[in-house]
Amino acid sequence: MSTEQQSEAPAEGDEGPVASGNDTLTVTDNRTGRSYELPIEDDTIKALDLRQIKVHEEDFGMMAFDPAFTNTASCRSAITYIDGEAGILEHRGIPIEQLCEHSTFLEVSYLLVFGELPTRPQLEAWVHDVTIHTFVHEDIKKFLSGFRYDAHPMGMLLASTGALSTFYPDANKILDPIERYLATIRLIAKMPTLAAFSYRHNMGQPYVYPDNDLSYPENFLSMMFKMTETKYEPDPRLAKAIDVLFILHADHEQNCSTSAVRGVGSSDVDPYSAVAAGIAALYGRLHGGANEAVLQMLRRIESVDNIPSFLDAVKKREEKLMGFGHRVYKNYDPRARIIKSHADEVFEATEYNPLVELATELEKQALDDDFFTSRKLYPNVDFYSGIIYEALKIPPGMFTVIFAIARTAGWIAQWLEMTDDPDKKISRPRQIYTGAREANYIPLGERTGEDRISGPATRPS
Ligand code: CMC
């Protein structure tokens, strides 16, 4: 047993947790016949309370096995509430539907970060502070120009966000209120700039500096699409759609990327590095990368006639229906419903796109099919967001980047909450060790290859 393991086990003579009333769970270990009473708080038991359950005194004690944390609360959080069965999403208690209808992304960011809606002067000060931090250091441009012309913009965003920590080294004073505030507004302010610069790099077009006369979503569109015009004037319907998409993606409690931000941030690294970890997690096709994967899937399906054979392939596990299913929503992703209602406005303001029809028909046929309904697989936020971006002439590589701009507000709010949490400790999951023990080192010349311990890597032949 390692010293580390010993240090966390209940001490000798420790009678274990004391429970009161009926808020306890009685566990009987049938191996020993012993019973244990574990306190229940907030409908949970403390995994560490299981450690007292032992067969022998020398045992390490029982652990909970929960790969992918499907039933483990890793923190207490007051930021976002989700009821997956009922299809409810609330930020600081306010339903997402109300926020999308009445608020703006920057106001929602304030809500996430500070815990309540701002008064008018507070909102004005917040918008001002974010707006004056939209520019990035000129060296960031040099840094970005080092990427290949076809580098994925998520890779560029990931690297440039990590690089911000080198421009703001004081951000590692993670408990200093001024540094915390600066990092918060810098991250929210600079993310659209880094995102748009990555796009312009791919396009071989000059970087467009932020226009601080414009609103947050308008400025993003300007940095993406401005060419020779003196002033870029975005279509207000499109700016509104982008703002709603930003709100919809702003936070989603302890998902893969937020857990990455918290996990990496728990080492007390600076927030830029922690957020870069979140961007890396979001990049994957099962998370933020799904919106790009939806577009690729629709292009492969090509026409409405091919939908039945595609759905057959999904049922045979040869394909995955991207943009469907969710770990938490087992009813309907409320964000998908809101997006759908805004999608029509975008499609009105943009050219006809046959993929819209294809997506609508694909959704209809999947929802008529018992394979999907019996597994509670419904469209998620990414099913329609990709088609909206496509209509806006934004290339698929940028879809997840736009998700990252919005999620930055959630990541930083979660990081602030975590670093303030008295329960915070460095993240360090346990494992069930399945490998060899006490094997002997065999000198190189004596190895036959037969006694090789097989590992997960395969060398291509
Ligand atoms: N297409 C086909 N079958 C699916 C799909 C899908 N998209 N999603 C789940 N299933 C099946 C899965 O094969 C399993 O079937 P069975 O019980 O017969 O083995 C069953 O549904 C339950 O799935 P699961 O894998 O246990 O579900 P999960 O909670 O582990 O996975 C998910 C959630 C989102 C990773 C998954 O639904 C998926 O891969 N969806 C496609 C990718 C996607 O759209 N991701 C975006 C998520 S929303 C944006 C975000 O928050 O990042």
Side-chain angles (χ1 to χ4, degrees), residues 66-72 79-85 87-89 91 96 154 245-262 277-298 300-301 307-340 359 362-389 396 399-411 414:
D66 189 9
F69 307 116
T70 51
N71 197 37
T72 296
I79 300 173
T80 292
Y81 173 80
I82 299 176
D83 179 338
E85 293 298 326
I88 293 172
L89 168 61
H91 295 312
I96 189 69
M154 262 313 257
L245 281 160
F246 283 161
I247 296 174
L248 286 175
H249 288 89
D251 192 54
H252 214 230
E253 52 119 307
Q254 308 313 317
N255 53 79
C256 177
S257 57
T258 302
S259 302
V261 171
R262 280 183 177 259
I279 295 175
L282 193 71
Y283 198 171
R285 71 178 198 126
L286 296 186
H287 193 8
N291 48 19
E292 186 178 350
V294 169
L295 244 280
Q296 287 159 354
M297 173 189 77
L298 291 175
R300 265 188 302 120
I301 298 175
I307 292 176
S309 59
F310 176 79
L311 291 180
D312 280 345
V314 173
K315 291 187 230 171
K316 285 187 207 142
R317 321 267 166 189
E318 293 160 8
E319 293 276 3
K320 202 160 205 188
L321 181 49
M322 299 312 288
F324 260 63
H326 200 277
R327 171 61 59 78
V328 177
Y329 295 120
K330 299 298 177 194
N331 173 332
Y332 200 91
D333 182 341
R335 302 169 302 172
R337 190 172 281 135
I338 298 170
I339 278 204
K340 230 179 146 181
L362 179 60
E363 179 189 1
K364 191 168 158 290
Q365 292 193 22
L367 293 181
D368 276 346
D369 195 315
D370 185 55
F371 176 90
F372 298 97
T373 47
S374 66
R375 287 173 177 76
K376 301 190 172 183
L377 297 172
Y378 298 98
N380 59 49
V381 68
D382 285 329
F383 191 71
Y384 276 99
S385 64
I387 309 164
I388 295 183
Y389 298 139
F399 296 177
T400 317
V401 169
I402 298 177
F403 190 157
I405 295 175
R407 187 53 58 85
T408 297
W411 288 330
Q414 299 269 351

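Each ligand, and each atom within it, is numbered from 1 in the order the structure gives. Note: hydrogens, waters and symmetry copies are ignored here, and every other heavy atom, side chains too, is used.
- Using a 4.5 Å cut-off on side-chain heavy atoms (C-beta onward), Y283 and S257 make no contact.
- Under a 4.0 Å criterion applied to the non-hydrogen atoms of R327, ligand 1 contributes the atoms 28 (P), 29 (O), 30 (O), 33 (C).
- For ligand 1, the atoms lying closer than 4.0 Å to a non-hydrogen atom of D382 are 46 (C), 49 (C).
- When the heavy atoms of G325, G84, A68 are ranked by distance to atom 37 (O) of ligand 1, first place goes to G325.
- At least one side-chain heavy atom of H252 sits less than 4.5 Å from a side-chain heavy atom of L89.
- Screening H287, R327, Q414, H326 for a side chain to side chain contact (heavy atoms under 4.5 Å, CB included) involving N255 leaves a single residue, H287.
- Both the sub-6.0 Å distance and the 45° axial angle are not jointly satisfied by R300 relative to the ring of F310.
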What verdict does the side-chain contact (heavy atoms from CB on, under 4.5 Å) test give for L367 and F372, after you've listed the backbone C-alpha separation in whole Å, the side-chain angles of each residue and the deciding distance to 0.1 Å? CA-CA 7 Å; L367 293 181; F372 298 97; 5.7 Å; no
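- Of the candidates G323, P379, S374, G288, the one placing a heavy atom closest to atom 44 (O) of ligand 1 is G323.
- For ligand 1, the atoms sitting less than 4.0 Å from at least one non-hydrogen atom of H326 are 33 (C), 34 (C), 37 (O), 48 (S), 51 (O), numbered in the order shown with element in parentheses.
- Proximity of I402 to R407: side-chain heavy atoms (C-beta onward) are nowhere separated by under 4.5 Å.
- Closest heavy-atom approach to atom 6 (C) of ligand 1 within the set L321, V328, V381, N291: this belongs to L321.
- For atom 50 (C) of ligand 1, the closest heavy atom belonging to the protein is H287 ND1, 3.5 Å.
- A side-chain N or O of D66 and one of T70 form a donor-acceptor pair less than 3.5 Å apart.
- A donor-acceptor pair shorter than 3.5 Å cannot be found between the side chains of E363 and Y378.
- For the residues H249, K320, K330, R317, the heavy atom positioned nearest atom 12 (C) of ligand 1 is part of R317.
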Step-by-step side-chain contact (heavy atoms from CB on, under 4.5 Å) determination, F403 to D382: CA-CA 10 Å; F403 190 157; D382 285 329; 4.1 Å; yes
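- Under a 4.0 Å criterion applied to the non-hydrogen atoms of A290, ligand 1 contributes the atoms 43 (C), 44 (O), 45 (N), 46 (C).
- Distance check for atom 25 (O) of ligand 1: every protein heavy atom is found at 4.0 Å or beyond.
- At a distance under 4.0 Å, no protein heavy atom can be found next to atom 22 (C) of ligand 1.
- Summary of contacts: the protein heavy atom closest to atom 41 (C) of ligand 1 is F324 O, 3.4 Å.
- T80 pairs with exactly one of E253, Q254, H91 by the side chain to side chain donor-acceptor pair (under 3.5 Å) rule, that one being H91.
- A cation-pi arrangement is found for R375 relative to F371, the charged atom lying closer than 6.0 Å to the ring centre and inside a 45° cone about the ring normal.
- Among protein heavy atoms, atom 20 (C) of ligand 1 sits closest to R375 CD, 3.9 Å.
- Distances from atom 47 (C) of ligand 1 to the heavy atoms of L282, N380, T400 show the closest one on N380.
- Comparing L286, N255, L377 by heavy-atom distance to atom 9 (C) of ligand 1, the nearest is L377.
- Protein heavy atom nearest atom 42 (C) of ligand 1, with residue, atom name and distance: M322 CE, 3.4 Å.
- Polar contact with ligand 1: absent for R285 (N/O pair, distance under 3.5 Å).
- Set against the non-hydrogen atoms of V314, the atoms of ligand 1 under 4.0 Å away are 2 (C).
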